[in-house]
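Worksheet for the structure shown next.
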Amino acid sequence: MTHTVHLTEDQLQGAADASLDAEQMRVAYGHLATCESCAADVARLRTVMTRAREANPGAPSLDGLWPAIRSRIEESKVVRPDAFAGPAAGARSRPPWLAIGSVALAATLFVAALAQMQGWRPRSSDGSQPSADVAFASAADSTRVYEDESRRLLNDLEMQRAMMGPSASASLNGDLAIIDRSIAEQKEALVRDPHNVALQRLLAASYREKVELLRRANNAG
Amino acid sequence: MLAERRVVALIAISALISLAARHVNAQGAAANEPLLRARALRAGSPVKMFVPSGSVRLIGWDRDSIDVRGQIPASAQLLFGGSDSAGYKLVVEQRDESATKASRLVIHMPRKSQISIKTADALVEVTDVGGWFYTVSGRIRIDGAMASLDVEAMSGDIDLDATTPWARAKTGKGHLVVRGSPQDVDASTIGGTLDIAAASIMHGRFTSVTGDIHYASTIAPHALFEFSTHSGTVDLLLPHDVSARLELSTVDGEIDNGFTQLRPAAAGVHNLQLSLGSGAADVTVRTFKGTVRLRAR
């Protein structure tokens, strides 16, 4: 159907991130059900938002990084971060090690922030992978993020199912059944072997596939 | 040996089919279909399309215009609107409630146009334009060069034979082929077979749920590959002189190592670490119960 009036940017954004209140949501979805242009815009916004989240779903916040950074600085014995907490008065002429320490701290923070932004983690000097615990926690975090996202997309999809053609609907149902079976098998295996990192990563990958499928299905209406 | 031949044969057959189809379509494009619309269009402008059924041939060219040729069934109409700078929207719409009939369109547009096309079951063939391509059960074939590709199908086949820095392709039970010279590839199927034969990939993520994954090519130095499947077979057919570190693991499947002349760095019933050559690239394979096959050619 061709519309002359479309949703505003705020409404599009709100529909994409589900931040509208119930009444606004009802109005927005009523419009989206008949306006292909706005529905496509919302789908695109969701893709952008999800991609941004996917860029590093399991990354700790910068706050979470601080204790590790602090401990590394203390271990290096270049300068204790406590020195920065002391009174500034009387420190008119700063000793040179303080300047070196400041630069080291700034550089460490910069590298940590850069690593977080790019989802990059340097290899340890012997080339080994991060510890199994960290890898497992990261995979488990990814699983949770994808699981939550798939639940949200399933809810959204309920409103669009009626508009979906029989071919798309059959394809969706078949593929969802395949993915759900694989998720069930992986979860069952995780109960038997709860610390298996590879298994946790496979589960995250299965949920990711489910999210991708539901996003595709949202476009099929 | 039989598996190797099957992989090579599969890729060769899909390449032949693709070439034949391209030849036929190129002839069609040159056959001067009736002109439906022609407008000026600035390079880089978006072009949105909805063509439910039939075939669409999209070709990037070096002119600053869009040229739409072909045939629309009598029961449908072509809606076309927009502007030179804002781009255009093209929709094939049924006039009545009857079943959608097939259209046949050949569309030329500036190479840097940003396509956004959606079909139900149409065949879409693309040369030298990038963007977003979506179908429910149709087929999508893409070749040439473009800035990026985002291709999605619910159940249709996808054939990428393009030169692009970034490609993402997803289908359900369709057959997905990745060839050409892409650099960063994220490709996945659910039940469909995923065939990869591109030596240019620097970062590849290949996933399926139950579909088999076949990789038959060399691996670029410093490339980073991740293969993951629940129950499909992951078949890696690599040159005997490939340089890569491989980390293969399966929860409940089998690992079949064809590089038997090398001593693995670590090996168990369900995992294998192997360094081939100087180990310049990193390859990780994970399956739940699918077989991992490593073959030398």
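All values below were derived from every heavy atom in this structure, side-chain atoms included, with hydrogens, water molecules and symmetry-related copies excluded. Lettering of chains follows the sequences in order, A, B, ..., and the numbering in each one begins at 1.
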Residue [X] versus chain A: region with a heavy atom under 4.5 Å:
| X | result |
| --- | --- |
| T287(B) | backbone |
| S155(B) | both |
| T135(B) | neither |
| T284(B) | neither |
| T171(B) | backbone |

What heavy-atom pair brings [X] and [Y] nearest, and what distance separates the two atoms?
| X | Y | result |
| --- | --- | --- |
| W132(B) | N219(A) | CZ2-ND2, 3.6 Å |
| A220(A) | M154(B) | CB-CG, 4.4 Å |
| D175(A) | K173(B) | OD2-N, 4.2 Å |

Legend entry - Ion pair check, E212(A) and R168(B), cut-off under 4.0 Å: yes
Inset, instruction - Side chain from CB out, backbone as N, CA, C, O: work out which of these in L172(A) comes under 4.5 Å of a heavy atom of chain B, or both, or neither. - result: both
Legend entry - Structural part of A198(A) lying under 4.5 Å from a heavy atom of chain B: both
Inset, instruction - Give a yes or no on whether Q77(B) atom CD has more than 12 heavy-atom contacts from other residues, nucleotides or ligands under 6.0 Å away. - result: yes
Inset, instruction - Indicate yes or no: at least one non-hydrogen side-chain atom of E209(A) is less than 4.5 angstrom from one of T207(B). - result: yes
Inset, instruction - Would you mind reporting whether R201(A) and E226(B) have side-chain heavy atoms less than 4.5 Å apart? - result: no
Legend entry - Separation between CG of L202(A) and NZ of K289(B), rounded to the nearest 0.5 Å: 12.5 Å
Legend entry - Straight-line distance of S171(A) OG to I190(B) CD1, nearest 0.5 Å: 7.5 Å
Legend entry - Residues which pass salt bridge (Lys or Arg N to Asp or Glu O under 4.0 Å) with D121(B), listed by chain and number, not counting sequence neighbours: none
Inset, instruction - Identify the residue among L213(A), I178(A), I183(A) that makes a side chain to side chain contact (heavy atoms under 4.5 Å, CB included) with V209(B). - result: I178(A)
Inset, instruction - Please determine, among S188(B), S249(B), S137(B), the option with the most heavy-atom pairs under 4.5 Å with chain A. - result: S188(B)
Legend entry - ring-ring contact (aromatic ring centres under 6.0 Å, His included) against Y88(B), all qualifying residues, sequence neighbours excluded: F80(B)
Legend entry - Polar side-chain atom of R216(A) near backbone of A153(B) as donor-acceptor pair, under 3.5 Å: yes
